[in-house]
Visitor: 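Dropping the structure in here first, questions after.
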Amino acid sequence: MKIEIKSIFGSLLFEHNSENNTIKETIKEAIKSGADLSGADLRGADLRWADLSGANLRGADLRGADLRGANLRWATLSGADLSEADLSEANLS
């Protein structure tokens, strides 16, 4: 299944296609490949326990995202909208 990560303006930032694909797996592949996810539209995404360390999420829309237990260590979050996101047990160091 192909999942696309688009910017808040609608442009394609990254896509990943694999069997049983998830948004979490797609983001993992994006980070591994060095994709710039600044301005990504990730509203309401299920990113529980995702490893987002080092991700460039500057200006990303993460409103209502489930980030419980996510590893955001060294992630760039300046200007990101985290309104109503669940950050319980998330690593924000």
Side-chain angles (χ1 to χ4, degrees):
M1 172 169 61
K2 180 168 80 169
I3 294 180
E4 297 178 336
I5 300 173
K6 293 190 175 185
S7 79
I8 56 176
F9 304 109
S11 60
L12 182 65
L13 298 175
F14 186 81
E15 66 183 10
H16 178 65
N17 191 4
S18 70
E19 192 173 325
N20 301 317
N21 196 14
T22 63
I23 187 65
K24 197 181 315 184
E25 181 181 337
T26 300
I27 289 178
K28 180 179 110 181
E29 291 300 318
I31 294 167
K32 192 163 77 172
S33 74
D36 183 357
L37 298 176
S38 56
D41 183 355
L42 298 169
R43 286 174 292 176
D46 180 358
L47 299 170
R48 285 175 288 179
W49 302 100
D51 184 1
L52 304 173
S53 56
N56 182 1
L57 295 167
R58 181 183 316 263
D61 187 350
L62 290 156
R63 289 177 289 166
D66 189 347
L67 293 162
R68 286 178 286 176
N71 182 7
L72 292 157
R73 184 179 176 95
W74 301 108
T76 304
L77 294 167
S78 59
D81 189 344
L82 293 160
S83 304
E84 299 181 29
D86 189 343
L87 294 163
S88 305
E89 299 183 54
N91 180 356
L92 296 166
S93 58

Visitor: Whether Lys28 and Glu25 form a salt bridge (side-chain N of Lys/Arg under 4.0 Å from carboxylate O of Asp/Glu) is what I want to check.
Guide: no
Visitor: Going from CD1 on Ile27 to OG1 on Thr22, what distance comes out if it is rounded to the nearest 0.5 angstrom?
Guide: 8.5 Å
Visitor: Quick one: closest heavy-atom pair of Asn91 and Ser93, and the distance?
Guide: OD1-OG, 2.6 Å
Visitor: Taking all atoms of both residues into account, what is the closest heavy-atom pair of Ala90 and Leu72, and its distance?
Guide: CB-CD1, 4.5 Å
Visitor: Kindly compute the distance separating OG1 (Thr26) from CZ (Phe14), expressed to the nearest 0.5 Å.
Guide: 7.0 Å
Visitor: Looking at Lys24, I'd like to know if its NZ atom is crowded, meaning that more than 12 non-hydrogen atoms belonging to other residues, nucleotides or ligands lie closer than 6.0 Å.
Guide: yes
Visitor: Tell me whether Glu84 at atom CD has more than 12 heavy atoms from other residues, nucleotides or ligands lying less than 6.0 Å away.
Guide: no
Visitor: How long is the span from the CG atom in Leu42 to the CG atom in Leu62, to the nearest 0.5 Å?
Guide: 5.0 Å
Visitor: Nearest 0.5 Å, please: how far is CD in Glu19 from CE in Met1?
Guide: 10.5 Å
Visitor: Are Arg63 and Asp81 close enough, and set up right, to give a salt bridge (charged side-chain N to carboxylate O under 4.0 Å, His left out), and what steps lead you there?
Guide: CA-CA 6 Å; Arg63 289 177 289 166; Asp81 189 344; 3.8 Å; yes
Visitor: Nearest 0.5 Å, please: how far is CD in Glu15 from CD in Glu29?
Guide: 13.0 Å
Visitor: Show, in sequence, the C-alpha distance, side-chain angles and deciding distance for Ile5 and Ile23, and conclude whether the side-chain contact (heavy atoms from CB on, under 4.5 Å) test is met.
Guide: CA-CA 8 Å; Ile5 300 173; Ile23 187 65; 4.1 Å; yes
Visitor: Drop me the distance from Leu52's CG to Leu92's CG, to the nearest 0.5 angstrom.
Guide: 10.5 Å
Visitor: Shared ILVMFWY cluster between Leu37 and Leu87, side chains joined below 4.5 angstrom?
Guide: yes
Visitor: What heavy-atom pair brings Ala40 and Ile8 nearest, and what distance separates the two atoms?
Guide: O-CG2, 4.0 Å
Visitor: Is a salt bridge present between Asp66 and Arg48, judged by a nitrogen-to-oxygen distance below 4.0 Å?
Guide: yes
